[in-house]
Visitor: 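A single structure is presented below for examination.
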2 protein chains.
Amino acid sequence: MTVRELNSWTEIREELHRRINDRIWQPGETIPGEADLAEEFGCARTTVSRALRALAEAGLVTRRRKAGTRVAVNPPHKATFTIPIIREEVEARGAAYSHSLLKRVEAGLPPQLHAAFPVGEGARLLFTETVYFADDRPFMFEERYTNLDAVPEFGTIAFDLITPNEWLVQNAPYTSGDLTCYAANAGERLSRFFEVAQETPLFVMERATANQKVPITHVRMSYQPGYRLRTRF
Amino acid sequence: MTVRELNSWTEIREELHRRINDRIWQPGETIPGEADLAEEFGCARTTVSRALRALAEAGLVTRRRKAGTRVAVNPPHKATFTIPIIREEVEARGAAYSHSLLKRVEAGLPPQLHAAFPVGEGARLLFTETVYFADDRPFMFEERYTNLDAVPEFGTIAFDLITPNEWLVQNAPYTSGDLTCYAANAGERLSRFFEVAQETPLFVMERATANQKVPITHVRMSYQPGYRLRTRF
DNA sequence: TAGTGGTCTAGACCACGGA
DNA sequence: CCGTGGTCTAGACCACTAC
């Protein structure tokens with residue numbers, strides 16, 4: 001059997017992927033080192049390294065110095081969601097986009113949010129409430145606390161043309177964050193907005209962002225009934 | 001001002017990240033080419049390339065040949081969820097794990113799943129229903145259709161020690177998939193399992209996997225009331 | 001301590017795609 | 001066309017860590 005020379009890292013990645021899928025290398029087994037594979041494929045070690053790094057990022061193999069590269073036993077299911085800008089998401093559905101600022105007031109942080117959004121006691125927070133529409137029907141309901149000590153300019157914006165979210169995305173960079181998804185009943189207030197029963201289940205996302213440990217904003221987004229967050233992998 | 005020489009790709013990534021955060025390079029602006037940056041930092045172009053690739057994967061910049069590298073205007077919010085093995089998730093909470101197979105029958109695919117799980121008409125499907133417990137309290141309820149034409153051996157397994165999911169993870173590799181999250185009411189059946197009102201909102205995930213376009217399995221996972229899917233970025 | 005992956009270099013060629 | 005990013009090479013040194 002003649003081994004075809006593979007010299008592109010994507011080809012090598014696919015070949016290694018195939019060997020794992022076909023159980024040529026068993027789960028938990030240590031596969032040959034970079035140098036050996038490079039020799040087999042007739043390419044530089046760097047190229048093999050690139051392919052193996054891609055497989056490691058995908059979770060198919062685990063790599064450790066000295067111990068070598070092993071086929072993952074339980075390849076973790078990883079899924080990357082791209083949280084779209086609401087405006088783009090609505091327009092992608094072919095609907096007309098609009099939004100409306102319902103509330104804008106300096107307020108204290110509800111106690112239950114202290115863990116998720118650790119601002120100090122004396123922090124100045126602006127609370128905003130925004131509804132996003134698709135074809136004049138409510139699409140998403142947003143409740144947001146923003147740290148004015150971190151982004152003072154946020155307090156001076158009229159959110160008629162731009163949304164709080166869009167302004168923050170463009171003007172308040174963040175370095176880390178936390179995202180949570182859960183299900184909740186619409187309840188009294190949201191049931192009126194979405195014109196459904198109070199017991200209607202809604203998909204809710206909460207996101208907190210921070211810049212170098214300085215809390216920027218915390219937002220709860222309640223989506224219209226039937227909303228689905230979807231991704232392929 | 002003396003420019004400190006940066007010769008590690010992570011240092012360079014951080015420096016470029018800082019310049020973007022500090023608006024030294026405006027959103028939408030084209031930043032210097034790899035060769036220029038390499039000269040500035042006193043390192044090889046490969047190293048700058050590595051740093052820029054990382055920023056591109058994070059969505060902070062967009063890169064195109066000839067056009068160069070631009071600072072992203074609306075950095076997309078990306079979040080990677082790691083869908084854990086239920087056994088590990090339960091044990092990570094310090095609870096005792098167990099599971100129970102409730103049902104196991106060859107069945108046809110419900111019409112509403114045809115879009116998400118495109119098996120042919122004559123496909124042999126095994127339907128399994130499994131409850132996962134944490135400390136003897138129901139944690140997750142799983143309804144699964146598995147394509148026996150793709151993984152015949154699946155039909156011969158007694159799922160007392162291993163769960164359908166674990167068996168598939170270890171024995172049926174997949175190359176692509178689709179993940180959907182939404183909120184749903186418990187309804188009659190699940191309300192009895194979780195011992196809650198029928199109107200209780202539950203967090204639901206549906207996952208379909210395929211190997212080279214051959215559908216493998218479709219699973220709906222309904223989590224206990226109050227469950228939250230969480231990730232940091 | 002020795003073996004393995006991780007990284008950096010200097011140079012080269014190539015592929016894409018804007019002008 | 002031709003500039004830019006994408007990739008490959010051969011070699012070197014380093015960092016981590018299992019043994």
Side-chain angles (χ1 to χ4, degrees), chain A residues 3-20 24-73 75-76, chain B residues 3-20 24-73 75-76:
Chain A
V3 176
R4 185 166 66 100
E5 296 234 331
L6 305 180
N7 49 6
S8 91
W9 73 270
T10 50
E11 282 176 344
I12 292 175
R13 166 168 54 74
E14 290 314 309
E15 170 61 14
L16 299 178
H17 191 23
R18 188 188 67 75
R19 294 186 187 181
I20 292 171
I24 294 173
W25 292 323
Q26 301 289 326
E29 185 180 342
T30 300
I31 75 174
E34 293 186 352
D36 294 335
L37 291 171
E39 189 180 4
E40 175 190 347
F41 293 134
C43 68
R45 183 167 77 93
T46 317
T47 309
V48 173
S49 185
R50 182 92 162 81
L52 283 171
R53 195 198 316 149
L55 292 176
E57 284 169 1
L60 271 77
V61 299
T62 56
R63 318 192 72 195
R64 267 178 313 181
R65 288 163 148 110
K66 170 73 176 178
T69 302
R70 287 166 172 270
V71 178
V73 181
Chain B
V3 176
R4 183 165 67 100
E5 296 234 331
L6 304 179
N7 50 5
S8 93
W9 72 270
T10 49
E11 282 175 345
I12 292 174
R13 167 168 54 75
E14 291 313 310
E15 170 62 15
L16 300 177
H17 191 21
R18 188 188 65 77
R19 294 186 187 179
I20 292 171
I24 293 173
W25 293 323
Q26 301 288 327
E29 183 178 344
T30 300
I31 75 176
E34 293 187 351
D36 295 335
L37 291 171
E39 188 180 6
E40 175 190 347
F41 293 133
C43 68
R45 181 167 80 91
T46 317
T47 309
V48 174
S49 187
R50 182 94 164 81
L52 283 170
R53 193 197 320 148
L55 292 176
E57 284 169 2
L60 270 77
V61 300
T62 57
R63 318 193 70 194
R64 267 178 313 181
R65 287 165 150 106
K66 171 72 177 178
T69 301
R70 288 168 173 269
V71 178
V73 181

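Protein chains get the first letters and strands the later ones, always in sequence-line order, with residue 1 at the start of each. All values reported here derive from a predicted model rather than from experimental measurement.
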Visitor: I'd like to check the side chain to side chain donor-acceptor pair (under 3.5 Å) partners of Thr62(A); sequence neighbours left out, ordered by chain and number.
Guide: none

Visitor: Hey, could you give me each pair passing salt bridge (Lys or Arg N to Asp or Glu O under 4.0 Å) that has a residue in residues 49-61 of chain B? Not counting sequence neighbours.
Guide: none

Visitor: How close or far is atom P of dA10(D) from atom CD of Glu39(A), stated in whole angstroms?
Guide: 12 Å

Visitor: What nucleotide, of dG5(D), dC8(D), dT9(C), holds the atom closest to the side chain of Glu34(B)?
Guide: dG5(D)

Visitor: State which of dT9(D), dG5(D), dG5(C) makes the closest approach to the side chain of Asn7(A).
Guide: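 The nucleotide sitting nearest to the side chain is dT9(D).
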
Visitor: Between C1' on dG5(C) and CD1 on Ile31(A), what's the gap in Å once rounded to a whole number?
Guide: 12 Å

Visitor: Name all residues meeting the side chain to side chain donor-acceptor pair (under 3.5 Å) criterion together with Ser8(A); count only those two or more places apart in sequence or in a different chain, and write none if there are none.
Guide: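 Thr10(A).
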
Visitor: Whole Å only: how far is the CZ atom of Arg53(A) from the P atom of dG6(C)?
Guide: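 For the pair Arg53(A) CZ and dG6(C) P, the rounded distance is 8 Å.
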
Visitor: Taking N or O atoms only and anything under 3.5 Å, show me the protein contacts with nucleotides 13-19 of chain D, one pair per line.
Guide:
{"unit_1": "dA15(D)", "atom_1": "N3", "unit_2": "Arg65(A)", "atom_2": "NE", "d": "3.0"}

Visitor: How close or far is atom P of dT7(C) from atom CZ of Arg13(B), stated in whole angstroms?
Guide: 10 Å

Visitor: Quick check for you: to the nearest 0.5 Å, what is the distance between Arg13(B) atom CZ and Leu52(B) atom CG?
Guide: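 Nearest 0.5 Å value for the CZ-CG distance: 11.5 Å.
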
Visitor: Would you mind reading off the distance between Leu37(B) atom CG and dG3(D) atom C1', rounded to a whole angstrom?
Guide: 16 Å

Visitor: Any side-chain N or O of Thr69(A) less than 4.0 Å from the OP1 or OP2 oxygen of dG5(C)?
Guide: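 Checking Thr69(A) against dG5(C): at least one side-chain N or O falls below 4.0 Å of OP1 or OP2.
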
Visitor: Mind checking what makes side chain to side chain donor-acceptor pair (under 3.5 Å) contact with Glu15(A), not counting sequence neighbours?
Guide: Arg18(A), Arg19(A)

Visitor: Starting at atom CZ of Arg50(B), determine the distance to atom C1' of dC8(C), rounded to an integer number of angstrom.
Guide: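 The distance from CZ of Arg50(B) to C1' of dC8(C) comes to 11 Å, rounded to the nearest Å.
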
Visitor: Name the nucleic acid region contacted by Thr46(A), choosing base, sugar-phosphate or nothing; use a 4.0 angstrom heavy-atom cut-off, strictly under.
Guide: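 Base, at least one base heavy atom under 4.0 Å.
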
Visitor: Output the distance between atom CG (Leu55(A)) and atom CD1 (Ile12(A)), rounded to the nearest 0.5 Å.
Guide: 10.5 Å

Visitor: Who passes salt bridge (Lys or Arg N to Asp or Glu O under 4.0 Å) against Arg45(B), sequence neighbours left out?
Guide: Glu34(B)

Visitor: Measure CG/Leu55(A) against P/dG6(C) and give the value in whole Å, please.
Guide: 12 Å

Visitor: Under 4.0 Å from OP1 or OP2 of dT4(C): is there any side-chain N or O of Arg63(A) that close?
Guide: no

